Amino acid sequence: MSGHVALIGAGPGDPELLTLRAVRLLDTADVVVHDALVGAGVLALAPVTAELIDVGKRPGRPTPQELINALLVHLARQGKRVVRLKGGDPFVFGRGGEEALALDLADVSYEVIPGVTSAFAAPAAAGIPVTHRNVSGAVTIVTGHRHAGAQPLDWKSLAKVRGTIVVLMGVANRSMIADELIAGGLATDTPVAAVRLGTTERQDVVRCRLDQLAGTRVESPAVIVIGTVAALELATWSPTVALVAADGSMTS
Ligand SMILES: C[S@@+](CC[C@H](N)C(=O)[O-])C[C@H]1O[C@@H](n2cnc3c(N)ncnc32)[C@H](O)[C@@H]1O
């Protein structure tokens, strides 16, 4: 008896940003193994019969990656249709590659469904295009958090690209990031926007200059956009998560 695992990008929060394929696979899931950032509106699309397993990594309550890998293999070997729901895109700082490798090694059938990454969707939800003709011709997505022992990022070189820098997981290290980018040549008045919980009903946007970032209150989870485009505020849409009731059911 052999099951199947779908590694699915759940997008940044708003359920309407799921792909059609994600919705179709969710609808037939026996088990949904999900991250902390996957919202109630998305989980509400799983069948009521599906078992929901929260393996979200939270401060003070980490779920070791090896345990998640082993759980996916175990569930698939029980013949289950497993949906592994990860925030944003599974392959953008989502450790989706590690899970895919583990399934590969265990000879478990799996597929990967890309999702809308918060790196682009959170800025868009705040009215910020990450590239803009004649303003920014490049966008670099970086992590602001390196695990112990990892090679540090070369922030000073990033400052020289002259494009947009989108930082994920950068809230705690924002002071260091701003200092390094300024030391690398970015102007102190470079516009910055921090978008917290982008595309959800709790979205919050804070704007400042690069030299004000350290002293500006920003809370996780947020995407920090650094560059001229961060000053833009184009039209946005209203998140549909407002239509999801507290118990997770859809109200329309
Ligand atoms: C472990 S990374 C996962 C990124 C995810 N795979 C993606 O493609 O969006 C988690 C970080 O993504 C960012 N993030 C995820 N969802 C977000 C949202 N709705 N609004 C703002 N930032 C978000 C935050 O920087 C958060 O700390």
Side-chain angles (χ1 to χ4, degrees), residues 6-19 22 33-43 54-65 68-69 83-100 112-130 139-147 150 153 164-178 192-207 213 216-226 230 236-242 244:
L7 291 177
I8 297 181
D14 186 333
E16 291 209 339
L17 296 177
L18 279 168
T19 61
V33 179
H34 66 92
D35 281 349
L37 284 180
V38 175
V42 172
L43 294 175
D54 179 356
V55 292
K57 301 185 181 76
R58 294 181 180 84
R61 209 207 76 178
T63 309
Q65 187 61 51
I68 299 173
N69 297 352
V83 161
R84 170 68 173 120
L85 266 184
K86 303 177 78 70
D89 182 276
F91 283 176
V92 179
F93 300 128
R95 304 189 72 168
E98 291 166 58
E99 292 176 16
V112 181
I113 317 300
V116 174
T117 177
S118 64
F120 297 154
I128 300 168
V130 290
V139 57
T140 312
I141 305 172
V142 284
T143 172
H145 172 82
R146 301 292 278 160
H147 61 86
L153 286 180
T164 306
I165 301 169
V166 177
V167 189
L168 272 61
M169 296 171 280
V171 172
N173 289 330
R174 63 190 187 284
S175 173
M176 173 279 291
I177 293 167
V192 175
V195 187
R196 177 170 189 263
L197 290 170
T199 82
T200 77
E201 58 189 352
R202 290 191 289 147
Q203 174 171 307
D204 181 42
V205 186
V206 177
R207 292 174 193 260
L213 181 58
T216 299
R217 188 182 162 89
V218 182
E219 283 178 47
S220 286
V223 159
I224 302 175
V225 188
I226 303 167
T236 60
W237 76 90
S238 302
T240 40
V241 275
V244 178

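Everything numeric in this text was worked out from a predicted model, so none of it was measured. Each ligand, and each atom within it, is numbered from 1 in the order the structure gives.
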Approximate separation, where rounding is to 0.5 Å, of Leu213 CG and Ile226 CD1: 6.5 Å

Calculate, to the nearest 0.5 Å, the distance between atoms CD and CG belonging to Glu201 and Asp14 respectively. 10.0 Å

Quick one, Pro114 and Thr19 - any side-chain contact, counting heavy atoms below 4.5 Å? no

dist Glu99:CD -> Asn69:CG (nearest 0.5 Å) comes out at 5.5 Å

Check ligand 1 against the protein and report each N/O to N/O distance under 3.5 Å, formatted as atom name, atom name, distance.
unit_1: ligand 1; atom_1: 6 (N); unit_2: Gly87; atom_2: O; d: 2.9
unit_1: ligand 1; atom_1: 6 (N); unit_2: Asp89; atom_2: O; d: 2.9
unit_1: ligand 1; atom_1: 6 (N); unit_2: Val92; atom_2: O; d: 2.7
unit_1: ligand 1; atom_1: 8 (O); unit_2: Asp89; atom_2: N; d: 2.9
unit_1: ligand 1; atom_1: 8 (O); unit_2: Thr117; atom_2: OG1; d: 2.7
unit_1: ligand 1; atom_1: 9 (O); unit_2: Thr117; atom_2: OG1; d: 3.4
unit_1: ligand 1; atom_1: 9 (O); unit_2: Ser118; atom_2: N; d: 2.9
unit_1: ligand 1; atom_1: 9 (O); unit_2: Ser118; atom_2: OG; d: 2.6
unit_1: ligand 1; atom_1: 14 (N); unit_2: Ser118; atom_2: OG; d: 3.2
unit_1: ligand 1; atom_1: 19 (N); unit_2: Pro12; atom_2: O; d: 2.8
unit_1: ligand 1; atom_1: 19 (N); unit_2: Gly198; atom_2: N; d: 3.4
unit_1: ligand 1; atom_1: 19 (N); unit_2: Gly198; atom_2: O; d: 3.0
unit_1: ligand 1; atom_1: 20 (N); unit_2: Leu197; atom_2: N; d: 3.4
unit_1: ligand 1; atom_1: 20 (N); unit_2: Gly198; atom_2: N; d: 2.8
unit_1: ligand 1; atom_1: 25 (O); unit_2: Met169; atom_2: N; d: 2.9
unit_1: ligand 1; atom_1: 25 (O); unit_2: Ala222; atom_2: O; d: 2.7

Does the side chain of Arg196 reach to within under 4.5 Å of the side chain of Val171, using non-hydrogen atoms? no

Quick check: do Arg174 and Val167 have side-chain heavy atoms less than 4.5 Å from each other? no

